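Computed over heavy atoms, backbone and side chain alike; hydrogens, waters and symmetry mates excluded. Residues: numbered from 1 along the sequence shown. Keep in mind it's a predicted model, so treat the numbers as computed, not measured. When a ligand or atom number is given, it counts from 1 through the structure's own listing order.
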Amino acid sequence: MANADTNAPHFDPRTALEKIGIDGLKKILDAMQECVWVGDERERTIYANPKFCQLLGYDLDEIIGEESYIFWDEESANTVRQNNEIRKHGDASQYEGVLKSKTGELIPVFLSGTPIPSGGTVGIITDLREINTLKRVEEELTKLNSLKDDFIALVSHELRTPMTAIKGYLSMALEGDFWELSAPVRKIIQASYDSSLRLIDLINDMLSLSKIEKGAMTFNMREVSVDELVEEVRSGMEIVAKEKNVAFEFLSEPGVLGERLSVDVDRIKQVLFNFLTNAYKFTPEGGKVSLGIGRTPSGVRFAVADTGVGIPQEKIEKIFDKFYQVQNQMRHSEEGLWLGLALCSGIISAHGSKIHVESEVGKWSEFSFVLKTVR
Ligand code: ADP
């Protein structure tokens, strides 16, 4: 230090430490959050801090001079004896044991014992009851969560068969297989048919998500050109754009359509359709949705952008959480069950990549991911 005071007395940390003395040392131990016990080479109590005394229900005066073995249940007292032998060689040791309070209450603890150079031991003790309770609660929650997932999967599965039958009958009715339909009846049956399709999509999403989460989803990877991968998506969206007053733009860097990828074609198409459907859902009339494909050093980048309502920064972190909107008060009328993006995220991570989201509220959003090219 350039401006150090050369007249200041010499700083000697050892002397300063000695000056702390016995009372200072006790103050340090008393301030500790852990239970601390200090004993001599014959395990007789020299000192214990208030936390330790409180845990076992003793006054300090009652235990000074008492051997540490009286604090343990029989089995743990044997463990303590064995570990004392280890410490005689100067080594620290850690183990779990059961303390016995003055009233006979048994307390599971973790002990870290360190030998003191002058002989004796300092033991730092952690009460494991709270930790054990937390562990049990965590196990319980994990079990409940898995039960909930199994329940959703089971219900979805049970719903799929009757829904598929309903869809089939409605489709036959629409085709006039049962009777000639008047215009108002046709309208109602068409609406019911459309709803059955939406329900089946939802059920399928729930089943797929549950499979992905369990690691049971099979992906049929095959080599495909970028062109082949996006062709159906592109033509599909051109039709949607004609129906809605929102433009669709397809942008591709020169040569990128010829790049080859190893992917599950149907699943990647599903992701792109999901991004694009959302983009259309959240973009007001007169706006624009685009699918852009370009190269990056690590592969081919797919980006779906829109000039829609945007997503607030704090919401971006949540949109991949399934069912998140259930607890969200600020719902947009177009919002569904928030399954789509959770599923997309699982599909893209199964391809070794990640979805990236950027947005500006009221202006635009962009969902993108990069897939490795086949060399
Ligand atoms: P869903 O569309 O069924 O609600 P998703 O998982 O596909 O489920 O989307 C979750 C939420 O993310 C949407 O409800 C919406 O709030 C937000 N979101 C997704 N895409 C966009 C977008 N392009 N613009 C604005 N918000 C979006």
Side-chain angles (χ1 to χ4, degrees), residues 149 152-153 155-156 159 163 194-213 217 230 233-234 236-237 240-241 243-251 266-293 301-351 353-369:
D149 287 342
I152 291 176
V155 171
S156 310
L159 281 175
M163 270 324 296
D194 292 346
S195 299
S196 75
L197 288 186
R198 269 204 304 281
L199 257 176
I200 290 173
D201 278 352
L202 195 68
I203 292 168
N204 283 337
D205 277 359
M206 290 211 268
L207 282 171
S208 302
L209 194 56
S210 124
K211 266 194 187 163
I212 284 196
E213 284 172 346
M217 170 80 91
V230 296
V233 180
R234 178 186 175 170
M237 290 326 286
V240 174
E243 289 168 3
K244 300 201 174 193
N245 194 10
V246 173
F248 175 68
E249 193 175 26
F250 179 77
L251 306 155
D266 290 337
R267 293 290 176 194
I268 297 296
K269 279 184 192 170
Q270 183 184 352
V271 172
L272 291 172
F273 271 127
N274 205 310
F275 287 176
L276 287 158
T277 314
N278 277 347
Y280 267 95
K281 235 191 319 192
F282 295 100
T283 304
E285 290 206 353
K288 192 170 78 182
V289 169
S290 65
L291 169 60
I293 304 175
R301 179 173 184 269
F302 297 79
V304 171
D306 63 62
T307 58
V309 296
I311 312 165
Q313 197 54 42
E314 65 280 6
K315 194 171 161 185
I316 289 186
E317 289 145 30
K318 304 285 178 204
I319 54 178
F320 296 102
D321 294 356
K322 61 176 172 173
F323 307 134
Y324 175 77
Q325 58 78 17
V326 174
Q327 45 179 313
N328 185 10
Q329 308 295 313
M330 307 266 296
R331 290 194 58 192
H332 189 284
S333 60
E334 295 283 2
E335 296 192 357
L337 277 181
W338 287 44
L339 283 172
L341 288 179
L343 192 53
C344 291
S345 167
I347 293 172
I348 295 302
S349 75
H351 284 76
S353 185
K354 245 184 104 172
I355 296 172
H356 190 71
V357 187
E358 276 186 66
S359 182
E360 206 176 321
V361 175
K363 294 193 171 161
W364 57 271
S365 305
E366 187 194 70
F367 287 72
S368 64
F369 58 89

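- Taking 4.5 Å as the limit, every side-chain heavy atom of Phe250 sits out of range of all side-chain heavy atoms of Val233.
- By the criterion of a heavy-atom distance under 4.0 Å, the side chain of Phe367, and not its backbone, is placed next to ligand 1.
- The aromatic rings of Phe320 and Phe367 sit perpendicular, their planes meeting at an angle over 60°, well past the 30° parallel limit.
- Closest to atom 7 (O) of ligand 1 by heavy atom, among Val289, Asn278, Ile319, Thr277, is Asn278.
- Near Ser365, meaning under 4.0 Å from one of its heavy atoms, ligand 1 places the atoms 24 (N).
- At a 4.0 Å heavy-atom cut-off, ligand 1 touches Asp306 through the side chain alone.
- Atoms CD and CH2, from Glu358 and Trp364 in turn, are 5.0 Å apart once rounded to the nearest 0.5 Å.
- Contact annotation: Cys344 has no heavy atom less than 4.0 Å from any atom of ligand 1.
- Interface of Asn274 with ligand 1, defined as ligand atoms under 4.0 Å from a residue heavy atom, comprises 7 (O).
- Residue contact annotation: Phe275 has no non-hydrogen atom under 4.0 Å from ligand 1.
- Listed by atom number, the atoms of ligand 1 under 4.0 Å from Lys315 heavy atoms are 16 (O).
- Every atom of ligand 1 is numbered from 1 in the order shown, and the set under 4.0 Å from a heavy atom of Gly310 is 25 (C).
- Taken to the nearest 0.5 Å, the CG atom of Leu251 stands 9.0 Å off from the CD1 atom of Ile293.
- On a distance-only criterion, Leu341 and ligand 1 share at least one N/O pair closer than 3.5 Å.
- Look at Gly308 and you'll find every heavy atom at least 4.0 Å from all atoms of ligand 1.
- Around the CD atom of Gln313, the shell of radius 6.0 Å holds no more than 12 heavy atoms that belong to other residues, nucleotides or ligands.
- In this structure, the separation between CD1 on Ile355 and CD1 on Ile347 is 8.5 Å, given to the nearest 0.5 Å.
- Residues Phe282 and Asp306 fail the side-chain proximity criterion, which asks for heavy atoms closer than 4.5 Å.
- Under a cut-off of 6.0 angstrom, the local environment of NZ in Lys269 is crowded, with over 12 non-hydrogen atoms contributed by other residues, nucleotides or ligands.
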